Amino acid sequence: MFAAERRQLILEMVRANGAVSLRELARVVQTSEVTVRRDVRALEAEGLLDRRHGGAVLPGGFTRESGFPQKSHLATAEKTAIADLAAGLVEEGEAIVVGAGTTTQELARRLARVPGLTVVTNSLLVAQALAHANRVEVVMTGGTLRGSNYALVGSGAEQSLQGLRVSRAFLSGSGLTAERGLSTSNMLSASVDRALVQAAAEVVVLADHTKLGTDTMFQTVPTDVITRLVTDEPPPHDDRAATELQALADQGVQIAVAGPGAAGSGGDGVPTGRQPRRDMPLPGQRRTHPGGPGGGAQLRSAGSLAEPQPGPAERARVADMRRR
């Protein structure tokens with residue numbers, strides 16, 4: 001394929017999807033990431049697209065939202081690795097909320113094996129992934145169906161979350177920066193995500209490396225509210241993504257990196273050479289959010305979802321501290 005043909009195909013993919021990773025571009029045009037990066041740089045010089053951490057986006061700074069068919073084919077291997085790692089954070093008998101997105105859909109498929117789990121969601125895709133899990137209870141919000149991502153949004157969804165209290169919220173989005181936190185391109189989706197956050201004691205963000213450093217229109221979760229980020233390992237040459245991870249760690253976000261080269265037990269770590277601070281807060285020690293007011297529609301009675309209890313690892317850590 002000639003350079004002009006490659007660049008035309010790259011441009012068409014970015015226009016169709018809004019944002020595409022270098023890995024995906026290299027796979028489609030069947031060349032190396034080095035060559036694709038050179039092509040993207042040339043297209044940026046012409047003002048046809050903008051470069052971002054590990055990928056390319058539509059020009060203008062704020063990417064538009066891609067439809068579900070496009071997003072479901074982007075960074076599939078990375079999303080699978082992130083979902084595998086995130087599923088390990090969920091314990092038997094927990095009550096959690098899971099937001100809409102292709103990465104959270106992958107997570108839901110793995111949660112079907114966790115007994116005694118209660119999952120509150122506004123995503124039809126998450127609910128579908130758990131529909132046949134015998135030992136998992138699925139509770140759906142109300143609201144208006146947004147067809148582009150198969151999610152329930154609007155005042156009905158937000159009101160149904162009032163009075164809810166769960167241990168963790170698992171959310172995805174369109175972009176993540178240390179300065180602004182998690183963001184999305186749609187106002188209705190952002191509003192429901194904020195309501196999901198208010199219901200949870202901890203917030204876990206699932207975002208592949210192509211979203212690091214990307215900022216979109218509507219903020220959903222400020223950085224100081226994010227307890228943990230589960231992401232994949234950026235390519236070795238992507239210094240900006242590594243810098244963004246370090247900036248997030250410096251603000252107290254716990255970083256868990258899925259894939260080859262992850263450091264620490266369970267895959268916790270950041271790319272080689274960019275280790276985060278190790279004085280990160282433990283889950284549950286900060287960023288707790290009071291549940292919504294008692295009035296309004298509720299998914300369940302206020303007492304039906306118990307306050308989260310510390311897991312075995314947390315209890316062992318507390319016992320060890322007391323012995324000392």
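Every value quoted in this text rests on a predicted model; they were computed, and no experiment measured them.
Partner of Leu85 under the side-chain contact (heavy atoms from CB on, under 4.5 Å) criterion, chosen from Thr80, Leu107, Thr231, Val230: Val230.
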Exercise for the section: Evaluate side chain to side chain contact (heavy atoms under 4.5 Å, CB included) for Glu106 paired with Arg109, printing each intermediate quantity in order. Expected result: CA-CA 5 Å; Glu106 287 296 323; Arg109 290 175 177 145; 2.4 Å; yes
Practice task
Verify side chain to side chain donor-acceptor pair (under 3.5 Å) between Ser191 and Glu158, making sure each step is shown before the conclusion.
Solution key: CA-CA 8 Å; Ser191 186; Glu158 295 170 39; 2.7 Å; yes
Practice task
Check the pair Thr31, Arg6 against side chain to side chain donor-acceptor pair (under 3.5 Å), reporting the backbone distance first and the verdict last.
Solution key: CA-CA 9 Å; Thr31 187; Arg6 280 198 320 270; 5.1 Å; no
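Val97 places a side-chain heavy atom less than 4.5 Å from the side chain of Leu164. Here the side chains of Leu117 and Arg135 are not in contact, with every heavy-atom distance at 4.5 Å or above. Within the 4.5 Å cutoff, side-chain heavy atoms of Leu130 are placed close to those of Leu111.
Using a 4.0 Å cut-off between a side-chain N of Lys or Arg and a carboxylate O of Asp or Glu, Arg41 and Glu44 do not qualify as a salt bridge. Looking at Asp84 and Arg110, a side-chain N of the basic residue comes within less than 4.0 Å of a carboxylate O on the acidic one, giving a salt bridge.
Within a 6.0 Å sphere centred on CD of Glu46, heavy atoms belonging to other residues, nucleotides or ligands number more than 12.
A single hydrophobic cluster is seen to contain both Val126 and Leu145, as judged by linkage of ILVMFWY side chains at heavy-atom distances under 4.5 Å, directly or through other members.
Scanning for salt bridge (charged side-chain N to carboxylate O under 4.0 Å, His left out) contacts around Arg23 gives Glu78, Asp232, with sequence neighbours left out.
Across Val40 and Arg51, no two heavy atoms sit closer than the pair CG1-CG, 3.1 Å.
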